[in-house]
There are 2 protein chains.
Amino acid sequence: MTESRQHPTLATVARAAGVAVSTASLVFAGKGPVSAATKQKVLDAATELGFHGPDPRARSLRNGRSGVVGVVVQTSVISAFRDPVNVGMVDGAAEVLGEAGAGVLLLTDAPHARRVFEDAPMDAAVLTGCSPWATELLGSLRRRRVPTVLVGSRPRRGSPAVDVDNPAASRELAQHLYRLGHRRAATVTLALDTDDAPAVDADRLAAATADTAAERLQAFWDVFPNGRALAATDSTVEEGERIGRMLLDVPEPPTAVVAQSDLLAVGVLRAADALGLAVPDRLSVTGFDGIDTSALDPRPLTTMRQPMQQKGRDAASAVLRMLDGARPRSVLLDCEFVPGATAAPADCAAQHH
Amino acid sequence: MTESRQHPTLATVARAAGVAVSTASLVFAGKGPVSAATKQKVLDAATELGFHGPDPRARSLRNGRSGVVGVVVQTSVISAFRDPVNVGMVDGAAEVLGEAGAGVLLLTDAPHARRVFEDAPMDAAVLTGCSPWATELLGSLRRRRVPTVLVGSRPRRGSPAVDVDNPAASRELAQHLYRLGHRRAATVTLALDTDDAPAVDADRLAAATADTAAERLQAFWDVFPNGRALAATDSTVEEGERIGRMLLDVPEPPTAVVAQSDLLAVGVLRAADALGLAVPDRLSVTGFDGIDTSALDPRPLTTMRQPMQQKGRDAASAVLRMLDGARPRSVLLDCEFVPGATAAPADCAAQHH
DNA sequence: CTGTTAGCGCATTCAA
DNA sequence: TTGAATGCGCTAACAG
């Protein structure tokens, strides 16, 4: 019984099989023309030595590719994944990347994980969201010459972006309310910047760092120029309820609230319930995303369904094409209006006046 | 204006700075004793050439470490992350690994991603759940000599496991019901195996591949030897409702249902609502996990809170210790009983008899 | 404190 | 078809 060697390598195996390393390499790559007999010899030797394929680390140095794509989400994994939109996106990306044989390196923009971000081996990256850090991270990626695709923001510095058509979708939602007769509408935006204060005016919008929130708000104001806007700090039910109360617990509440996400909208529904405002009779509420909220609230939300997984898939495809040397164009996906049951004609509300 | 070079390397930088490569290496590693002047020269040259740190791929070959830890979840990312328990676990792991400078490679047991699983560079792995594939994946990891920590299953083949004390926690829950006077109890288990059929008997339990489900069921039967058990296929509200109906829509329904997860328990609550069985007056329901279900159901669940993030953190710490050559012991975490409001004395139920 | 040297394990030339 | 030789970019000895 031979003593177990340090660590079997291709060279070890080749020597044991009595062939050249290049031959053994071909066998494991399944590429070149190798005679069946030689192949078998190599395979046998490998089994004998307990060698199960070439070392990924050595391959990546040699090939200049590690087969890993970084997917960067905002803040901690737990808060990012509380939102089904992010989960869907990562899933879509993982699916396409997995089929292409690429791994998903889960990265966050958390400061304490910067070391990982800087040092991690990755051939390309998908950068999601538009946190204040995003710009800095993108800069770092560019310096390292890591091809990057953005998700949920505008294209920047040569990096293509995959996103939904926020202006069109948001306008459609606002116009839907307008056509229903609503004239006093308010909106709850996603985080616009790092500021915790809810009040949003034109100046703050102009300075906003979050493209998605800004675009959706702009579209809302296009339709309701005087509509009140308050910014949430997170896309959660709790935030929606908190901001919803601020919006609704006033002498003359709006007859419609446009929430920039479904989770926020559910929160607004709760605020309305707490204040005794019947939805949709006295208040219309719209969301954004099209996630399954049946577990959160029985009322089907009037919302725009966005193709979350498709965003991830398209981002992954784009990243893969960039690795092939192409310069893919940005992608703008369409959303689909979901009628739901939380928006109704404003007349009802007016009657209560 | 000089033309941009192919790709700046440490050697390039060192030459430009007029120092030895090893010196430049030390500068970027921030380790050795380098004079401030030399250091500056190197940094300047690097900036000049657009060199921003050593290539991770080359480092990993040289160091034999890629700084990446694989975290394997069951099935697709999307279905795994629909369950807050998994999200919490991954978050805990990401936190500890991130602080240690290690990246998280998100892996699944999906067959189409096997190539990634086999080829991905990783120094160690955290293997969660106990899908039928888990055993095979563990075998593959062992052959590659990738130190692995299991989460949510028993220790196997030399790999330590991090888990909660399912027998103790489940017994406590069952005994709580027993002491409340319940004698006719039933249970909804997590997936026990790949079989879709709900009915579970002792034989099926004996053949179960999912340790968690099996342990919790065993503990239930220890207290309620004749209690009916039906297996869910997933830990979701929908499954809980489906199985809940099977359990409750019978002539003599049980007075208590032990669900093996909170999501399943919420489903059971819905089934009870649909059948007009008041909880907790005529039916007691318990869950497991201690996730926040307030968004799903107003009634605070009687359940066991398990430290989800701690599981991830402990698994990550164990993996890190294994990378240091240690052989960490398995960890069994305690759960905490949460009284909630969905379990009450059986008397009430009996009175309706 | 700094320079020289020798591989890490592999994929790919180029010859035979 | 197969074999020998080269270097991917870096770090860690060691010697100055």
Side-chain angles (χ1 to χ4, degrees), chain A residues 5-43 45-46 49-67 101 118-123 144-146, chain B residues 5-43 45-46 49-67 101 118-123 144-146:
Chain A
R5 294 134 229 67
Q6 290 294 11
H7 219 61
T9 72
L10 244 199
T12 325
V13 173
R15 200 172 312 123
V19 302
V21 278
S22 66
T23 308
S25 178
L26 290 179
V27 169
F28 285 102
K31 289 187 173 179
V34 182
S35 79
T38 316
K39 183 172 178 178
Q40 198 51 51
K41 261 197 304 187
V42 172
L43 258 21
L49 297 176
F51 177 83
H52 286 267
D55 182 337
R57 286 177 283 258
R59 299 174 49 141
S60 52
L61 174 56
R62 177 65 233 224
N63 299 335
R65 287 279 163 84
S66 58
E118 309 275 22
D119 289 347
M122 53 182 154
D123 301 336
R144 284 174 61 185
R145 312 210 172 135
V146 174
Chain B
R5 294 136 232 60
Q6 291 295 8
H7 219 61
T9 72
L10 243 199
T12 324
V13 173
R15 200 171 315 125
V19 302
V21 280
S22 66
T23 307
S25 177
L26 289 179
V27 169
F28 285 102
K31 289 188 172 178
V34 182
S35 80
T38 318
K39 184 172 177 176
Q40 198 52 52
K41 262 198 302 184
V42 172
L43 257 22
L49 297 177
F51 178 84
H52 285 267
D55 181 336
R57 286 178 282 258
R59 300 175 50 144
S60 50
L61 174 57
R62 176 64 230 217
N63 297 335
R65 287 278 163 87
S66 58
E118 309 275 22
D119 289 346
M122 54 182 156
D123 302 336
R144 285 175 60 184
R145 311 208 175 138
V146 173

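Everything quoted here is computed from the prediction, not taken from an experiment.
- Here the side chains of A:R59 and A:S25 are not in contact, with every heavy-atom distance at 4.5 Å or above.
- In this structure, the CG atom of A:D55 is 14 Å from the C1' atom of D:dC8, given to the nearest Å.
- Distance A:Q40 CD to D:dT1 P: 17 Å, rounded to the nearest Å.
- Contact of the B:R15 side chain with the B:L10 side chain is not registered, since no non-hydrogen atoms from C-beta on lie closer than 4.5 Å.
- Regarding B:L61, its CG atom lies at a distance of 12 Å from the P atom of D:dG9, rounded to whole Å.
- Rounded to a whole Å, the CZ atom of A:R15 is 14 Å from the C1' atom of D:dA4.
- Between A:V146 and A:D123, the closest side-chain pair of non-hydrogen atoms is not below 4.5 Å.
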With the criterion being N/O to N/O and under 3.5 Å, what pairs connect the protein with nucleotides 12-16 of chain D, and how long is each?
unit_1: D:dA12; atom_1: O4'; unit_2: B:R62; atom_2: NH2; d: 3.4

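- Counting only N and O atoms by type, the side chains of B:S35 and B:T38 include a donor and acceptor under 3.5 Å apart.
- When heavy atoms are screened at a 4.0 angstrom cut-off, A:L10 is found touching the sugar-phosphate backbone but no base atom.
- At a threshold of 4.0 angstrom between heavy atoms, the contacts of A:F51 are confined to the sugar-phosphate backbone, with no base atom among them.
- With respect to the salt-bridge test (charged N to carboxylate O, under 4.0 angstrom), the residues B:R144 and B:D119 do not qualify.
- Among the protein residues, A:T38 comes within range of the sugar-phosphate backbone only, with heavy atoms under 4.0 Å from sugar or phosphate atoms but none that close to a base.
- No donor-acceptor distance shorter than 3.5 angstrom exists from the side chain of B:T23 to the backbone of B:V19, with no hydrogens or angles considered.
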(message) Please determine whether side-chain hydrogen bond (donor to acceptor under 3.5 Å, both in side chains) holds for the pair B:T12 and B:T9, giving the CA-CA distance in whole Å, both sets of side-chain angles, and the decisive distance to 0.1 Å.
(response) CA-CA 5 Å; B:T12 324; B:T9 72; 2.7 Å; yes

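- Within the structure, every side-chain polar atom (N or O) of A:T23 is placed at least 4.0 Å from both OP1 and OP2 of D:dT2.
- Atom-to-atom distance recorded for A:S66:OG and B:R57:CZ is 5.5 Å, nearest 0.5 angstrom.
- Between the CZ atom of B:R65 and the P atom of D:dT11 there is a distance of 15 Å, given to the nearest Å.
- With a 4.5 Å cut-off on side-chain heavy atoms, B:H7 and A:R145 count as touching.
- Nucleotides of DNA chain C lying under 4.0 Å from heavy atoms of chain B occupy a range whose first and last members, 5' to 3', are C:dC1 to C:dG9.
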